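Keep in mind that what you see is a predicted model, and the values were worked out from it rather than measured. By convention in this document, chain letters (A, B, ...) are assigned in the order of the sequence lines, proteins followed by strands, and residues within each chain are numbered from 1.
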Amino acid sequence: NAGVTQTPKFRILKIGQSMTLQCAQDMNHNYMYWYRQDPGMGLKLIYYSVGAGITDKGEVPNGYNVSRSTTEDFPLRLELAAPSQTSVYFCASSPAGGKGANVLTFGAGSRLTVL
Amino acid sequence: GDSVTQMEGPVTLSEEAFLTINCTYTATGYPSLFWYVQYPGEGLQLLLKATKADDKGSNKGFEATYRKETTSFHLEKGSVQVSDSAVYFCALSDRGDYKLSFGAGTTVTVRA
């Protein structure tokens, strides 16, 4: 059982470039999330999804886009990368209900540097 | 809006010392409260949780009690080990919501 898988683990971008961070989960979780982690700032929610075809903005969505065409996949797209997007990005998922509700399973993270 | 405030780090301890990390919250409803831990180079993982007032969450020797009167959820461990070195995050989700709000994280280093 792989859980939540993120790729790539590390990436360096030039200002203005675009890229997609991939996220896949194999737990059949309805809910998926993208967070960014900046030093001393905790985790900030970028986007989230409650199911295939449904996405919504979190606290810090500017400069990002997402899609959710399947239950398993939730890619995060960075358009026109800026230095302010240098961060560690975490994808997470959780079930819709039951004992595991609100318990997030995180991926190992993707460290992005924009130069 | 909902928010979590946790004590700033870093915290450095010797093995077998007592650890406390303070966490207080602001919420309009009756939130569920969580502690997540992030070991070096890894993603976050759930350490413990409590879903209503006076509940005590516990795991791996760590404990935290949901105190509604003081809006707190302090994390404690009686005797830490080097393997407890990590970043600890307090988090909450308001009732009926599935999104978590995280504190800034507290870095704990335990020396042998």
In terms of heavy-atom pairs under 4.5 Å, which option from A:Lys44, A:Gln37, A:Arg111, A:Met41 contacts chain B the most?
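Of the options given, most contacts go to A:Gln37.
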Which residues from residues 49-65 of chain A are near chain B, with near meaning under 4.5 Å between non-hydrogen atoms?
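Interface residues of residues 49-65 of chain A: A:Val50.
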In Å, rounded to the nearest 0.5 Å, how long is the span from CG of A:Asn102 to OG of B:Ser32?
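One gets 5.5 Å once the value is rounded to the nearest 0.5 Å.
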Is there a path of hydrophobic side-chain contacts, each under 4.5 Å between heavy atoms of I, L, V, M, F, W or Y residues, that connects B:Leu47 with A:Val103?
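Different clusters.
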Side-chain heavy atoms nearer than 4.5 Å, only ILVMFWY residues, links allowed to pass through others: does that put A:Ile46 and A:Phe74 together?
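Yes, A:Ile46 connects to A:Phe74 through the hydrophobic network.
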Starting from A:Tyr33, can I reach A:Tyr47 by hopping between I/L/V/M/F/W/Y residues whose side chains sit under 4.5 Å apart?
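Different clusters: A:Tyr47 never reaches A:Tyr33 through Ile, Leu, Val, Met, Phe, Trp or Tyr contacts under 4.5 Å.
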Inspect the surroundings of OH in B:Tyr30 and state if more than 12 heavy atoms from other residues, nucleotides or ligands are less than 6.0 Å away.
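Open: at most 12 neighbouring heavy atoms sit under 6.0 Å from OH of B:Tyr30.
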Report whether B:Leu75 and B:Phe34 are members of the same hydrophobic cluster (ILVMFWY, side-chain heavy atoms less than 4.5 Å apart, transitive linking).
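No.
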Inspect the surroundings of CD1 in A:Ile12 and state if more than 12 heavy atoms from other residues, nucleotides or ligands are less than 6.0 Å away.
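Atom CD1 in A:Ile12 is not packed in, count stays at 12 or less.
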Applying a criterion of heavy atom separation less than 4.5 Å, what residues of residues 98-109 of chain B form contacts with chain A?
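Listed by number: B:Tyr98, B:Lys99, B:Leu100, B:Phe102, B:Gly103, B:Ala104.
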Greater than 12 external heavy atoms within 6.0 Å of B:Glu8's CD:
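Counting other residues, nucleotides and ligands, CD of B:Glu8 stays at 12 neighbours or fewer.
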Out of B:Gly43, B:Gly9, B:Ser93, B:Gly41, which one racks up the most heavy-atom pairs below 4.5 Å with chain A?
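Looking at each option in turn, the highest pair count goes to B:Gly43.
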Examine B:Phe89 and B:Leu48 and state if one hydrophobic cluster contains both, with Ile, Leu, Val, Met, Phe, Trp and Tyr joined whenever side-chain heavy atoms are less than 4.5 Å apart.
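Not linked; separate clusters.
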State whether the number of non-hydrogen atoms from other residues, nucleotides or ligands found under 6.0 Å of B:Glu69 atom CD is greater than 12.
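Counting neighbours around CD of B:Glu69, more than 12 heavy atoms of other residues, nucleotides or ligands fall under 6.0 Å, so yes.
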What part of B:Gln38 is in contact with chain A, defined as an atom under 4.5 angstrom from a non-hydrogen atom: side chain, backbone, both or neither?
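Contact with chain A: side chain only.
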Name the option with the most non-hydrogen atom pairs under 4.5 Å to chain B; the candidates are A:Asp38, A:Leu45, A:Leu104.
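Top option by heavy-atom pairs under 4.5 Å: A:Leu104.
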